[in-house]
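Structure first, commentary second.
All figures in this text were calculated on a predicted structure; none of them were measured in a lab.
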Amino acid sequence: MSKISYDTKYGNTIANKLSYPEAVNEQVYNSVNAGKFEGFLPLRTHKKKNDVTVECTVQGLVPVSYYFYEEVTEKMFLGFVSEVIRRLRVCESNMIDPNNLVLDLDMMYVDPVQRKYKFIYWPIVNNKISIPASVFFRELPSRLRFSHYEDHTFLTVYMQFFNTTAPFSLRDFDKMISGLRPAKILTSSADSPSSKKAPEPPAKINIFEKGKASIEYDPFAPADTDDKSKNRITARSPSSDYVFCQECGTKNEINSAYCSLCGKSLHYPKQDAESKKKVSSNKPSVTGNKPIKYARPKCATLIRVKTQEAFYISKPIFKIGSNEVCDVVIKDNTYISRVHASIITKKSHFYLIDRKSTNKTYLNGLVLPCETEIEISSGAKISLADEDFIFKVE
């Protein structure tokens with residue numbers, strides 16, 4: 001059976017080692033590398049005796065699992081599903097096997113520069129590790145955490161499709177998703193039963209196009225620099241008995257100075273009675289369908305001083321050690337334990353943990369106690385035995 005491996009030593013590479021009777025379809029392989037299929041990442045092959053490996057470099061890309069690490073909104077979810085459907089339709093229209101499209105949130109990516117989804121397609125005959133589209137779409141909602149400030153009726157309709165429609169049809173599924181997306185609610189005059197001409201549907205929304213999409217949570221959105229952002233009013237419930245944190249959305253007592261969950265300061269700008277009344281009457285209730293903006297998650301990188309390799313921290317638990325199961329594998333240093341240390345991500349905060357290593361873990365020259373979470377900040381020097389790293393946050 002073929003084996004997928006993730007190698008961080010040479011530029012974050014995903015390798016698919018083939019086994020009999022799997023084989024590379026040279027025609028499709030050349031078409032993918034020629035850019036014939038938009039959004040598919042280029043590939044390369046390595047042959048050693050009878051072993052064939054197909055590789056894909058994902059340097060600088062963000063896994064979709066990390067992009068959806070915080071609470072997911074309806075618009076983000078439906079936009080992503082529509083993009084996957086589009087790629088499957090590209091496979092069908094070009095008569096290539098759609099089962100070779102990698103449907104795994106950890107191996108589906110977002111380009112933070114172009115702000116577009118990127119997909120891996122294995123041009124393999126007799127592929128043994130494919131995931132059917134019906135299984136991926138059915139299980140997708142269970143992999144995500146949805147915003148609790150929104151109406152989840154769309155999820156009910158989404159799951160009812162799988163309970164009432166058999167067998168799975170990509171065309172019917174695409175039609176259902178198109179009906180759920182806000183940009184496609186209005187029908188054309190040809191489809192409308194009424195004799196009146198229906199209004200023209202609005203243009204399609206690209207969730208990565210800055211300034212044209214209303215995204216409540218966008219990890220790639222630039223931080224606010226306008227002076228007006230310093231005077232934003234903290235969202236309150238209609239009864240003013242509670243105050244909601246702008247950082248994480250947690251409900252706190254009205255007189256609280258700091259958020260009980262993330263510890264951020266809760267601001268109460270000075271206003272006269274008339275302006276307060278005006279704000280309370282026009283400000284949408286947090287109990288309605290309009291979610292509060294979430295803070296932009298921080299992107300962290302670990303740089304190995306000896307080789308200047310940069311490792312993007314893309315998982316909630318990021319392991320460092322000499323064992324192959326680690327996210328950063330260090331084999332050229334015998335002082336590194338199998339799983340030496342880990343970096344934990346919690347709500348845009350990062351913590352370093354020593355995993356009972358033989359030669360200890362150091363933070364800025366100080367030894368860490370075993371199995372204890374110590375928060376780290378950008379610029380920190382992390383030493384695993386005599387192996388040095390620099391931790392950076394952008």
Side-chain angles (χ1 to χ4, degrees), residues 6-14 57-63 65-67 69-70 106 109-110 112-113 219-220 222-223 225 247-248 258-259 261-265 295-394:
Y6 187 82
D7 182 14
T8 59
K9 187 175 181 180
Y10 300 107
N12 292 341
T13 299
I14 295 179
T57 300
V58 294
Q59 180 73 33
L61 301 180
V62 181
S65 56
Y66 183 78
Y67 178 65
Y69 180 68
E70 296 285 347
D106 293 327
Y109 295 89
V110 175
V113 178
F220 304 114
T225 57
E247 180 72 15
C248 63
Y258 300 94
C259 177
L261 181 61
C262 67
K264 293 293 182 180
S265 176
R296 175 191 180 192
K298 300 175 182 178
C299 299
T301 307
L302 194 64
I303 301 175
R304 188 181 181 187
V305 175
K306 182 186 295 183
T307 62
Q308 290 301 305
E309 293 176 89
F311 303 95
Y312 182 75
I313 300 176
S314 58
K315 297 181 179 180
I317 302 178
F318 192 80
K319 299 177 182 178
I320 313 168
S322 61
N323 193 286
E324 292 290 347
V325 302
C326 295
D327 300 292
V328 178
V329 181
I330 305 173
K331 290 187 175 182
D332 55 354
N333 190 330
T334 57
Y335 295 105
I336 303 298
S337 300
R338 292 172 61 83
V339 181
H340 198 108
S342 298
I343 296 178
I344 309 297
T345 305
K346 295 181 179 179
K347 291 188 176 296
S348 298
H349 292 266
F350 302 91
Y351 302 85
L352 180 64
I353 302 178
D354 178 81
R355 297 299 189 184
K356 298 181 180 179
S357 62
T358 303
N359 296 299
K360 306 298 181 182
T361 301
Y362 301 83
L363 177 61
N364 295 326
L366 300 177
V367 64
L368 264 64
C370 296
E371 299 294 341
T372 303
E373 297 183 4
I374 304 297
E375 186 170 1
I376 54 178
S377 56
S378 183
K381 179 182 178 181
I382 299 173
S383 301
L384 278 59
D386 61 348
E387 190 75 46
D388 296 333
F389 295 85
I390 301 298
F391 177 77
K392 290 187 177 181
V393 179
E394 299 179 355

Enter the distance from [X]:[atom1] to [Y]:[atom2] here, rounded to the nearest 0.5 Å.
X: Asp106; Y: Tyr66; atom1: CG; atom2: OH; value: 13.5 Å
X: Leu363; Y: Phe389; atom1: CG; atom2: CZ; value: 13.5 Å
X: Ile382; Y: Leu302; atom1: CD1; atom2: CG; value: 5.5 Å
X: Arg338; Y: Lys319; atom1: CZ; atom2: NZ; value: 11.5 Å

- Message: When you measure from the side chain of Ser383 to the backbone of Asp386, do you find a donor-acceptor pair of N or O atoms at a distance under 3.5 Å?
- Response: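 No.
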- Query: Does Ser337 offer a backbone N or O that forms a donor-acceptor pair with the side chain of Thr358 under 3.5 Å?
  - Reply: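 Such a contact is absent between Thr358 side chain and Ser337 backbone.
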Heavy-atom pair of closest approach, residues [X] and [Y]:
X: Tyr312; Y: Ala300; answer: CD1-O, 3.8 Å
X: Ile313; Y: Phe391; answer: CD1-CE1, 3.6 Å
X: Val393; Y: Ser378; answer: N-OG, 3.1 Å
X: Ile376; Y: Tyr351; answer: CG1-N, 4.3 Å
X: Ala385; Y: His340; answer: N-NE2, 3.9 Å
X: Thr361; Y: Ala341; answer: OG1-CB, 3.9 Å

- So does Lys306 have more than 12 non-hydrogen atoms from other groups sitting under 6.0 Å from NZ?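 Yes, enclosed.
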- Task: State, with a plain yes or no, whether a side-chain heavy atom of Ile390 is found less than 4.5 Å away from one of Lys381.
- Result: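 Side-chain contact under 4.5 Å: yes.
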- Hey, does Arg304 have a side-chain heavy atom less than 4.5 Å from the side chain of Val328?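 SC-SC contact between Val328 and Arg304 ruled out.
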- Test side-chain contact (heavy atoms from CB on, under 4.5 Å) applied to Asp327 and Ile320, step by step: CA-CA 6 Å; Asp327 300 292; Ile320 313 168; over 6 Å; no
Could you go through residues 367-375 and list every donor-acceptor pair under 3.5 Å that involves a side-chain atom there, pairing it with any protein atom two or more places apart or in another chain?
unit_1: Glu371; atom_1: OE1; unit_2: Arg355; atom_2: NH1; d: 3.0
unit_1: Thr372; atom_1: OG1; unit_2: Cys370; atom_2: O; d: 3.1
unit_1: Glu373; atom_1: OE1; unit_2: Lys346; atom_2: NZ; d: 3.0
unit_1: Glu373; atom_1: OE2; unit_2: Lys346; atom_2: NZ; d: 3.2
unit_1: Glu375; atom_1: OE2; unit_2: His349; atom_2: ND1; d: 2.8

- Task: Could you go through the side-chain contact (heavy atoms from CB on, under 4.5 Å) check for Phe311 and Ile343 one step at a time?
- Result: CA-CA 12 Å; Phe311 303 95; Ile343 296 178; over 6 Å; no
